[in-house]
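See structure below.
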Amino acid sequence: MIYTITCQRARNYGAVLQPYALAEFLKKNNNVVKVIDYKPKYLNQSLTSKNFVFNLVRSIIQFPDRYKGNRVFGTFLDRYVPLTTESYSSCSDMEQRLPPAKIYIAGSDQIWNMNCPNGYDDSYFLKFADGHGRKVAYAASFAMEELSDLQKERVESLTKDFYAVSIRENSGTELFKKATNRKAITVADPVFLLSASEWSKLASEKYSKDKYVLVYAFYRQKEVFQYAKRLAEKEKCKVYFVNTAYLDCIMPCNKYLWCVSPNDFIALIKNAESVVTNSFHGLSFSLIFHKDVHVFYPPRKGNSRLEDILKLTGLINRVVRDNKIIKENIDYRQVDRNLQLFMENSKKFLIETLVEKV
């Protein structure tokens, strides 16, 4: 038995599709897999201020997103992801009630980001598995530029009994080495473990007859939508926008697809004429489906995950500069060649860490 743990109850597409992909890959390699249905108490907390009125108003505004998001993503998880029968609310809860397993895998996504509660949750460092099976990190992410001395001590202490550690970004691999003086390797996000044909089986049958430029972007970057509009005019099609926040309906587009199913999300990328995104998983699925992708860096720090995959694939020129329309076509034969060795090493890491040593 293998247990994996990640942030699959976050209400976004990457959060549910990456544990699905990891579980599918492990199952294909003849493993019995369960994704721990972890629902930490802080998951639904939206407190950002000490002002009660502000928090109340914020909670009311976010209610539609929470309600629909829990339903849409919860339905996908229940149907497609091999969750544990029981759900767990804390590290101590898992220590007491989770049956032991031979192997535990932490990852992927920003499980070690100490700018949010994830990084201070011992569950994502597999503390609940102390004294049980083998601990492995697959494509864990810090999504941080640096660690404080205290944060380094935390990482060093909580990972010292890991059998193997892999990180999703090169910058994160370097952070881990500096914190622990131990080796980690950089591996691909789990979504790359499955092929385009495998993802297509999960896609809905919608949007195949539509002609559109798809926007999948966060932070309401106005330049993203301005660019998408001009690109759509050039390609003589509409602008579709997909995301999970109801208030994003204010952004200029021909159709806003609010909190559609992950199956629809995959179909939207698969069938798009072009994709304009500032999202790591927006870029990732665009590469998987060989789409004409145009990338914006988000306005916040922590763009290394976008930069790493763009450099690896030789597509750093797909970053939009000065809002100029990118006209060059993508040579996906070269992109796939660039990804091949990286993917082979990522799969090799997973398979070798699961093998019993004689």
Given the rule that I, L, V, M, F, W and Y join up when any side-chain heavy atoms are under 4.5 Å apart, are [X] and [Y] in one cluster?
X      : Y      : result
Val72  : Val35  : no
Met343 : Ile351 : yes
Ile325 : Phe296 : yes
Val215 : Ile250 : yes
Phe63  : Ile61  : no

Counting heavy atoms not belonging to [X], are there more than 12 under 6.0 Å from its [atom1]?
X      : atom1 : answer
Lys238 : NZ    : no
Lys348 : NZ    : no
Phe218 : CZ    : yes
Lys206 : NZ    : no
Lys229 : NZ    : no
Glu205 : CD    : no
Lys211 : NZ    : yes
Glu198 : CD    : yes

[X]: partners by side chain to side chain contact (heavy atoms under 4.5 Å, CB included), with sequence neighbours left out:
X      : value
Thr186 : Asn170, Thr173, Phe342
Thr159 : Trp112, Phe125, Val155, Phe162, Phe176, Thr180, Arg182
Glu307 : Tyr297, Lys311
Asn329 : none

Nearest heavy-atom pair of [X] and [Y]: which atoms, and what distance?
X      : Y      : result
Leu126 : Val136 : CD1-O, 3.8 Å
Ala139 : Pro190 : CB-CD, 4.2 Å
Thr6   : Gly107 : CB-O, 3.6 Å

Is there a donor-acceptor pair under 3.5 Å between the side chain of [X] and the backbone N or O of [Y]?
X      : Y      : answer
Lys34  : Met1   : no
Ser89  : Pro40  : no
Asn113 : Gly119 : no
Asp109 : Cys7   : no
Tyr163 : Gly133 : no
Arg134 : Thr353 : yes
Asn29  : Phe25  : yes
Arg305 : Ser279 : no
Thr84  : Asp37  : yes

Roughly how far apart are [X] [atom1] and [Y] [atom2], rounded to 0.5 Å?
X      : Y      : atom1 : atom2 : value
Asn30  : Leu26  : CG    : CG    : 11.0 Å
Cys259 : Arg66  : SG    : CZ    : 12.5 Å
Ser304 : Arg168 : OG    : CZ    : 8.5 Å
Leu283 : Asp189 : CG    : CG    : 10.5 Å
Leu310 : Ile316 : CG    : CD1   : 5.0 Å

| field | salt bridge (charged side-chain N to carboxylate O under 4.0 Å, His left out) partners of residues 318-342, not counting sequence neighbours, each pair once | value |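 Passing the test, one end in residues 318-342: Asp292-Arg318, Asp331-Arg333.
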| query | Under the ring-ring contact (aromatic ring centres under 6.0 Å, His included) test, which residues partner Phe192, sequence neighbours left out? | reply | none
| said: Test of understanding: with ring-ring contact (aromatic ring centres under 6.0 Å, His included), list the residues that count as partners of Tyr124, not counting sequence neighbours. | reply: Tyr38
| said: Checking one residue: Leu150. Which other hydrophobic residues are in its cluster under the side-chain 4.5 Å linking rule? | reply: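 Besides Leu150, the cluster holds no residue at all.
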Using a strict cut-off of less than 4.0 Å between a Lys/Arg side-chain nitrogen and an Asp/Glu carboxylate oxygen, indicate whether [X] and [Y] qualify as a salt bridge.
X      : Y      : answer
Asp121 : Lys41  : no
Glu86  : Arg97  : yes
Glu24  : Lys27  : yes
Lys135 : Asp130 : yes

Testing the 3.5 Å rule here: is there a donor-acceptor pair between the side chains of [X] and [Y]?
X      : Y      : value
Asp264 : Ser204 : yes
His294 : Tyr227 : yes
Tyr120 : Gln151 : yes

Decide yes or no for [X] and [Y]: does some side-chain heavy atom of the first lie under 4.5 Å from some side-chain heavy atom of the second?
X      : Y      : answer
Val275 : Phe289 : no
Leu231 : Glu273 : no
Ile269 : Ile288 : no

| Results of side-chain hydrogen bond (donor to acceptor under 3.5 Å, both in side chains) for Ser92 - residues two or more places apart only | Ser90
| query | Does Tyr332 have any side-chain hydrogen bond (donor to acceptor under 3.5 Å, both in side chains) partners at least two apart in sequence or in another chain, and if so, which? | reply | none
Please set out all donor-acceptor pairs under 3.5 angstrom arising from side-chain atoms of residues 73-83, sequence neighbours excluded.
residue : atom : partner : partner atom : Å
Thr75   : OG1  : Arg71   : O            : 2.7
Tyr80   : OH   : Asn263  : ND2          : 3.2

| message | With ring pair (Phe, Tyr, Trp, His ring centres under 6.0 Å) as the test, pick out the partner of Tyr256 among Tyr212, Tyr216, Phe241. | response |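 Answer to the ring pair (Phe, Tyr, Trp, His ring centres under 6.0 Å) test with Tyr256 among Tyr212, Tyr216, Phe241: Phe241.
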| task | Kindly assign one of parallel, tilted or perpendicular to the pair Tyr13 and Phe265, based on the angle between their ring planes and the thresholds 30° and 60°. | result |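 The rings of Tyr13 and Phe265 lie parallel, inter-plane angle below 30°.
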| Ring geometry between His281 and Phe285 (parallel below 30°, tilted from 30 to 60°, perpendicular above 60°) | tilted
| query | Should Ser171 and Glu145 be marked as a side chain to side chain donor-acceptor pair (under 3.5 Å) after you check the CA-CA gap, both sets of side-chain angles, and the distance that decides it? | reply | CA-CA 7 Å; Ser171 59; Glu145 294 186 349; over 6 Å; no
| task | Apply salt bridge (charged side-chain N to carboxylate O under 4.0 Å, His left out) to Arg11 and list each qualifying residue two or more places apart in sequence or on a separate chain. | result |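 Arg11: no salt bridge (charged side-chain N to carboxylate O under 4.0 Å, His left out) contacts found.
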